[in-house]
Amino acid sequence: MSEKKLTSSRRHHLKSLILQIAQNWLDQEKKDAVVAKEAYLAEHCPAPDMSGDQAALMELCKKLHAVIDKIDEERYDAEAKVQKADKEIEDLNIKVVDLRGVKKPALKKVRMSADSMLKALLGSKHTVNMDLRSNLKQVKKEVKEEPTEAVGDWRKNIEDKADRKKMFESS
């Protein structure tokens, strides 16, 4: 047998059929959920007895309020337990990460000149040459001549400095 290629119209028709079937299934699931909800409510929540006088209805309202308060307390307690458990889980996860340590990836050695690095970062904007030595100014050092008076008697210099020291100590 030879293989038949699906034409685009045939493919479109099959796709629309599959979508129709899926839509029918979704609708059926919604109907089943509504029926299940009604059955649950009929079983667990019987219709209140509205017959009787005002005192009986007031008593019924008080009972309903007491039941609602009890359920709210249970819900609050359950939420508190869940929050506490979530906090403990978060703390334990942090401890696990701390114990495991942060793995640093092995860095690869890259040989790249400063020019090629700037070219990679800046792209075509880079036109500056990074040969720093060529950009430096040439400065000629001037030789300063030291006065010849400093070559004199060294004992005299020490005595002058001692006098200065006394002057600072006395003030």
Side-chain angles (χ1 to χ4, degrees), residues 1-140:
M1 289 193 155
S2 64
E3 290 184 21
K4 293 183 180 178
K5 291 187 176 180
L6 289 177
T7 63
S8 64
S9 63
R10 172 101 173 120
R11 204 172 329 149
H12 181 69
H13 177 69
L14 289 175
K15 189 174 181 180
S16 65
L17 283 176
I18 290 173
L19 288 175
Q20 251 181 349
I21 291 170
Q23 184 65 41
N24 290 340
W25 285 351
L26 288 174
D27 291 341
Q28 186 61 38
E29 282 181 8
K30 286 180 185 177
K31 289 177 185 175
D32 291 345
V34 169
V35 169
K37 182 178 178 181
E38 289 174 359
Y40 180 84
L41 288 176
E43 180 182 337
H44 293 287
C45 300
D49 183 20
M50 296 296 210
S51 63
D53 59 348
Q54 186 175 2
L57 291 176
M58 293 280 283
E59 187 63 31
L60 178 66
C61 286
K62 287 180 183 177
K63 286 181 183 177
L64 287 176
H65 279 289
V67 170
I68 290 171
D69 288 342
K70 182 181 174 188
I71 290 173
D72 278 343
E73 287 176 10
E74 290 174 2
R75 180 183 54 83
Y76 178 78
D77 292 343
E79 284 179 359
K81 286 181 183 178
V82 168
Q83 286 177 351
K84 184 178 179 184
D86 287 344
K87 181 68 176 163
E88 287 179 18
I89 290 170
E90 186 179 331
D91 291 343
L92 290 174
N93 283 337
I94 290 172
K95 284 183 181 178
V96 166
V97 168
D98 288 344
L99 289 175
R100 215 185 282 159
V102 178
K103 292 183 180 178
K104 295 180 182 176
L107 298 176
K108 296 180 182 177
K109 208 172 204 182
V110 178
R111 299 187 99 187
M112 188 180 277
S113 68
D115 283 333
S116 57
M117 202 178 305
L118 281 175
K119 215 170 250 183
L121 289 173
L122 301 175
S124 61
K125 295 178 186 176
H126 174 69
T127 56
V128 179
N129 190 1
M130 283 302 296
D131 186 12
L132 297 176
R133 289 185 180 166
S134 66
N135 294 337
L136 292 177
K137 292 182 180 177
Q138 294 293 332
V139 178
K140 293 182 181 177

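Here the structure is a predicted model, which is why all the values come from computation and not from measurement.
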To the nearest 0.5 Å, what is the distance between [atom1] ([X]) and [atom2] ([Y])?
X: L92; Y: E90; atom1: CG; atom2: CD; answer: 10.5 Å
X: H13; Y: I18; atom1: NE2; atom2: CD1; answer: 10.5 Å
X: D69; Y: H65; atom1: CG; atom2: NE2; answer: 8.0 Å
X: L99; Y: I94; atom1: CG; atom2: CD1; answer: 12.0 Å
X: I89; Y: K87; atom1: CD1; atom2: NZ; answer: 12.0 Å
X: L64; Y: E59; atom1: CG; atom2: CD; answer: 10.5 Å

Using a distance-only test with no angle check, is there a side-chain donor-acceptor pair under 3.5 angstrom linking D32 and Q28?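 Present: a donor and an acceptor within the cut-off.
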Looking at R75 and E79, is there a salt bridge between them, counting it only when a charged N and a carboxylate O are closer than 4.0 Å?
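Salt bridge present between E79 and R75.
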